[in-house]
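Right, one structure below, let's go through it.
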Number of protein chains: 2
Amino acid sequence: MSRPSLRTLRRHEITVAFARVLARHGQAGATIAAIAEEAGVAPGLVHHNFADKQDLYSALLEQLIAGFRHRIDARATTRKEDPLEAYADAALALDESSDTIAARAWMAVFAEALSDPLLFEKMRRLLDAEVLSLERRAKGRLTTRNASAVLAYIVGSFVFGAFAPRKAAGFAAPGAKKLLRALSTN
Amino acid sequence: MSRPSLRTLRRHEITVAFARVLARHGQAGATIAAIAEEAGVAPGLVHHNFADKQDLYSALLEQLIAGFRHRIDARATTRKEDPLEAYADAALALDESSDTIAARAWMAVFAEALSDPLLFEKMRRLLDAEVLSLERRAKGRLTTRNASAVLAYIVGSFVFGAFAPRKAAGFAAPGAKKLLRALSTN
DNA sequence: ACATAGATTGGTTGTACACCCAATCTATGT
DNA sequence: ACATAGATTGGGTGTACAACCAATCTATGT
């Protein structure tokens, strides 16, 4: 009896709407009402699917990192180039249209993490995990510090992309490749 | 007759308090009341010195960039090393105590700029100006794109520093030097 | 066809904030 | 000493929001 769960689907839809509203109107403009409207849904439904705003931010962070990793994995499997260069290309494939939203959403999540200890910890763990993942991909050619530096460059390019998408698209990926070459041993 | 104006001094004090509150409690926690308390001043005084919150954010951005440039200039005049390496060292001298506040304040201003068009434009101009300043310092050894990449790395290190101060302090400056070496011609 | 559990709605409530302002205070020039 | 302009106070006001909830709807199993 009863219906199957739409929870997962709805959560995803609402999180996407959340990212769009954040990107356009920032933290202050991202009211539950605005998010609901963007998702084409009643305000109460947001609370039915998310405990509170913390929950929304947490889900958004998961979705952002999932999107990032998906881009990386999709690229790595289809090409036969150097895995580090492929990583750089995929991570920084900043087409100015769609991923400006992601870049701005990242900014908002970074800022929100300043006031939400749980989100802050989650962010730390994600950064650590991403550094580790990059180290593994490098197979010994990158130290932890150098992998961190590469990730810092990527994050910085996202910030740049949030403010000057066109420019960031121009320098991000080539710069990352050069940085990787400079930092990786042998 | 009448008293001399304390406006400039008060604005500076309140802006410093603003940065501290933002760093500790984020955008949501940075209420006028909280800022006033941190500055040891009555709430009304904040409005006496700042038109509104936009004004506060704008002043904070100016103060952050001024601090950044001051670090750079102080360093460049005292040492006789390569100007680009000096730039990297000074920009990324992230001692984990004091400048974590600045790093987090930067995050908050980035996020706020998403919802405040004036602040957004100001940020764009500041990024452009900083890229130009770096190009000049490089005396032809850096293209605009490569200077942008270096600045992106610096910004990314700030973000990293906001979340993992100790780690960022370890890799930021050395990484920047290697990036500069890889990007600068001759 | 009917019963049921979950989905969805939109109005209500309490709270917390930015901004305002009237009153008071204090340092300076005359 | 007095007058003046700015500094400073703290509470008042309206607004806007998150969170809640009672009512209604709808898909699915039986």
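As the structure is a prediction and not an experimental result, all values here were calculated from the model. Chain naming here is simple, since letters A, B, ... match the order of the sequence lines and numbering starts at 1 in each.
- What separates NE2 of A:His48 from C1' of C:dA5 is a distance of 10 Å, to the nearest Å.
- A salt bridge between B:Asp55 and B:Arg11 is present, with a side-chain N of the basic residue lying under 4.0 Å from a carboxylate O of the acidic one.
- Two residues, B:Ala51 and B:Ala28, neighbour DNA chain C, and the one matched to the more 5' nucleotide by heavy-atom proximity is B:Ala28.
- B:Leu6 comes within 4.0 angstrom of the backbone, heavy atoms only, and of no base.
- No single ILVMFWY cluster, assembled from side-chain heavy atoms under 4.5 Å apart, contains both B:Val21 and B:Val109.
- No continuous path of hydrophobic side-chain contacts links B:Val16 to B:Val41 [ILVMFWY only; heavy atoms under 4.5 Å].
- Between the NZ atom of B:Lys53 and the C1' atom of C:dA16 there is a distance of 12 Å, given to the nearest Å.
- Note on residues 129-149 of chain A: no pairs pass ring-ring contact (aromatic ring centres under 6.0 Å, His included), not counting sequence neighbours.
- Counting heavy atoms from C-beta on, the side chains of B:Lys177 and B:Asp89 come closer than 4.5 Å.
- Proximity of B:Phe160 to A:Val131: side-chain heavy atoms (C-beta onward) are separated by under 4.5 Å at one or more points.
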Original post:
Dot-bracket for DNA chain C, 5' to 3', with Watson-Crick and G-U pairs under 3.5 Å, [ ] for crossing pairs and | for other-strand pairs: what is it?
Top reply: ||||||||||||||||||||||||||||||
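- A heavy atom lying under 4.0 Å from DNA chain D marks none of the residues of residues 55-62 of chain B.
- C:dG11 atom C1' lies 16 Å from atom CG of A:Leu45, rounded to whole Å.
- Using a 3.5 Å distance cut-off with no hydrogens or angles, the side chains of A:Ser148 and B:Lys167 do not pair a donor with an acceptor.
- Between the CG atom of B:Asn49 and the P atom of C:dA18 there is a distance of 16 Å, rounded to whole Å.
- By the 6.0 Å contact criterion, CZ on B:Arg145 is open, its count of non-hydrogen atoms from other residues, nucleotides or ligands being 12 or less.
- For A:Tyr57, the side chain to side chain donor-acceptor pair (under 3.5 Å) test picks out no residue, with sequence neighbours left out.
- Taking atom CG of residue B:Leu9 and atom C1' of nucleotide D:dG6, one finds them 14 Å apart after rounding to whole Å.
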**OP:** Take nucleotides 21-26 of chain C nucleotide by nucleotide from the 5' end and write B, S or -, depending on whether a protein heavy atom sits under 4.0 Å from the base, only from the sugar-phosphate, or from neither.
**Re:** -----B
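- Using cut-offs of 30° and 60° for the angle between ring planes, the A:Phe158 and A:Phe68 rings count as perpendicular.
- Using a 4.0 Å cut-off, no side-chain N or O of B:Arg10 falls inside it from OP1 or OP2 of D:dG6.
- With sequence neighbours excluded, no residue satisfies side chain to side chain donor-acceptor pair (under 3.5 Å) with A:Arg124.
- For residues 30-49 of chain A, the pairs satisfying salt bridge (charged side-chain N to carboxylate O under 4.0 Å, His left out) are A:Arg20-A:Glu38, A:Arg24-A:Glu38, with sequence neighbours left out.
- Under the rule for a side chain to side chain donor-acceptor pair (under 3.5 Å), B:Gln54 has no partner lying at least two apart in sequence or in another chain.
- Distance CZ (A:Arg7) to P (C:dT8): 11 Å, rounded to an integer number of Å.
- B:Glu13 meets the side chain to side chain donor-acceptor pair (under 3.5 Å) test with B:Arg10; sequence neighbours excluded.
- Between B:Phe163 and A:Phe120, the ring planes are tilted. Angles from 30° to 60° get that label.
- Only at 4.0 angstrom or more do the heavy atoms of residues 107-123 of chain B sit from any atom of DNA chain D, so none qualifies.
- Taken residue by residue, residues 30-42 of chain B places heavy atoms nearer than 4.0 Å to DNA chain C at B:Ala30, B:Thr31, B:Ile32.
- The NE2-P distance, from B:His25 to C:dA16, rounds to 16 Å in whole Å.
- The side-chain hydrogen bond (donor to acceptor under 3.5 Å, both in side chains) contacts involving residues 103-120 of chain B comprise B:Gln27-B:Glu112, where partners must be two or more places apart or lie in separate chains.
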